[in-house]
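A short write-up of the structure that comes next.
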Amino acid sequence: MKVMNLSKITLSLCMISAMLLLAACGNKEKATTVWDKVSEAGEIIVATSGTLYPASYHDSATKELTGYEVEIIKEVGKRMDVKIEFKEMGLDGMLTSLNSGQVDLAVNDIEITKERLEKFTFSEPYKYSYGTAIVRKSDHSGIESLEDLKGKKAAGAATSVYMQVGRDHGVEEVIYDNVTNDVYLRDVDLGRTDVILNDYYLQKLALAAFPEFEIMIHPDIKYHPNVQAIIMKKDNDELLKQINTVLATMHADGTISELSKKFFSGEDVSIEQELNFK
């Protein structure tokens, strides 16, 4: 009798083990992609800074998050019939959060680069630009070319493409986390830093917003033509396909062009321009 009970117990344990194994295999087969998760939840979580005018910032009157890229992704969500939830953070945190799966996308004037393409996927572009340098009006901060950057204090985010340009030319890095434009600009004006290396259109609008600072875009420094787009973790093929389809429609019907002119003082940054770089 005891032997038979033991046999029954052993058989039962084997059956339970088999069921657990099948369940595990079944769960593995049902493992969802980001697009599956988005479709089920009806929501896309998007990282952005909320401090980068005019790409992503808070309206001074309404305090609401807005900007060129914020409004693009809001419209993408509307046309895909999903809710957009924004999480505000610095650029360095955005890339980390994408890798960890805490966010699905990021929009913040993020440039498509060879290095980033090894780790991330980008949508079709919606902004074309190039790099410039903000310096003091009185003496150009002692900078007349990129070669003069050596030893100068450059303000920015550690993982930005522009800080890498400065790093390649020997700058002393002054790293900011997620501060507003006036902090960067004031520090150059006061001599705490010497230069801000960043996107031409962003720099131009930032200066216009704070005319009290004795700083300017260097007239002779133009470098690094670049392209910006929505960034996401690699291998999100279905999500990428859905987003690119909507972006193509928004380009075709003029929505992106209109948003560009609204946020960039009449300029259409969504069209690639022919520029000469030394």
Side-chain angles (χ1 to χ4, degrees), residues 49 51-55 68 90-92 95 108-117 125 127-229 260 264-265 267-278:
S49 69
T51 59
L52 186 63
Y53 180 83
Y68 177 54
L91 175 62
D92 299 347
L95 303 184
N108 205 68
D109 205 61
I110 301 174
E111 179 185 339
I112 302 173
T113 67
K114 181 180 178 181
E115 292 73 23
R116 286 173 179 163
L117 284 170
K127 181 168 177 279
Y128 298 85
S129 189
Y130 59 93
T132 52
I134 284 181
V135 294
R136 286 182 288 279
K137 287 182 179 179
S138 59
D139 61 354
H140 289 180
S141 300
I143 300 168
E144 297 304 335
S145 69
L146 292 178
E147 283 65 38
D148 296 328
L149 290 173
K150 187 174 182 180
K152 299 296 184 182
K153 293 181 179 179
T159 57
S160 75
V161 171
Y162 297 102
M163 185 57 80
Q164 185 59 54
V165 170
R167 198 175 291 128
D168 292 342
H169 288 83
V171 299
E172 179 182 336
E173 299 175 46
V174 180
I175 303 302
Y176 294 72
D177 181 19
N178 193 30
V179 298
T180 51
N181 286 335
D182 60 300
V183 176
Y184 286 94
L185 301 174
R186 184 178 290 106
D187 282 357
V188 175
D189 181 44
L190 296 176
R192 293 171 182 162
T193 58
D194 299 305
V195 62
I196 303 170
L197 301 170
N198 211 324
D199 171 84
Y200 166 71
Y201 293 107
L202 298 186
Q203 304 259 58
K204 180 180 178 182
L205 289 169
L207 288 179
F210 299 97
E212 65 270 26
F213 299 136
E214 291 297 312
I215 54 180
M216 64 183 291
I217 291 177
H218 199 292
D220 301 320
I221 297 179
K222 296 181 179 67
Y223 59 95
H224 191 63
N226 56 79
V227 179
Q228 284 75 34
S260 173
F264 288 95
S265 299
E267 297 196 65
D268 192 349
V269 303
S270 69
I271 298 175
E272 187 171 9
Q273 300 180 27
E274 292 185 11
L275 298 168
N276 294 320
F277 296 88
K278 295 181 180 179

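Only this structure's heavy atoms are used, side chains among them; waters, hydrogens and symmetry mates stay out. Sequential numbering from 1 along the given sequence is applied to the chain's residues. What you see is a predicted model; the values in this text were computed from it and never measured.
Residues passing the salt bridge (Lys or Arg N to Asp or Glu O under 4.0 Å) test with Lys137, sequence neighbours excluded: none. Applying the side chain to side chain contact (heavy atoms under 4.5 Å, CB included) rule to Thr51 yields the partners Ser49, Asn178, Thr180; only residues at least two apart in sequence or on another chain are considered. Remark: Val165 pairs with His169, Tyr223 by the side chain to side chain contact (heavy atoms under 4.5 Å, CB included) rule, at least two apart or across chains. Residues satisfying the ring-ring contact (aromatic ring centres under 6.0 Å, His included) criterion with His218, sequence neighbours excluded, are His140. For Leu117, the side chain to side chain contact (heavy atoms under 4.5 Å, CB included) partners at least two apart in sequence or on another chain are Ile112, Phe122. For Glu147, the side-chain hydrogen bond (donor to acceptor under 3.5 Å, both in side chains) partners two or more places apart in sequence, or in a different chain, are Ser145. With sequence neighbours excluded, the residues that form a side chain to side chain contact (heavy atoms under 4.5 Å, CB included) with Lys204 are Tyr200, Ile217, Glu267. Evaluation of the ring-ring contact (aromatic ring centres under 6.0 Å, His included) rule for Tyr184 yields Tyr176 as partners, not counting sequence neighbours. In this view, Glu214 satisfies the salt bridge (Lys or Arg N to Asp or Glu O under 4.0 Å) rule with no residue, not counting sequence neighbours. A search for side-chain hydrogen bond (donor to acceptor under 3.5 Å, both in side chains) contacts involving Asp109 returns Lys127, not counting sequence neighbours.
Within the structure, salt bridge (charged side-chain N to carboxylate O under 4.0 Å, His left out) pairs that include any residue of residues 185-195 comprise Arg136-Asp194, Asp182-Arg186, Asp187-Arg192 (at least two apart or interchain). Sorted by first and then second residue, the pairs that involve residues 156-167 and meet side-chain hydrogen bond (donor to acceptor under 3.5 Å, both in side chains), not counting sequence neighbours, are Asp92-Thr159, Tyr162-Asn226, Gln164-Arg167, Gln164-Asp168, Arg167-Glu173.
Side chain of Asn108 to backbone of Ile110: no donor-acceptor contact under 3.5 angstrom is found. Of the possible donor and acceptor atoms, none in the side chain of Lys152 sits under 3.5 Å from a partner among the backbone N and O of Val195.
Phe264 and Pro54 get closest at one heavy-atom pair: CE2-CG, 3.6 Å.
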Practice item. Give the C-alpha distance, both sets of side-chain angles, the deciding distance and a yes or no for side chain to side chain contact (heavy atoms under 4.5 Å, CB included) between Val135 and Ile215. Key: CA-CA 6 Å; Val135 294; Ile215 54 180; over 6 Å; no
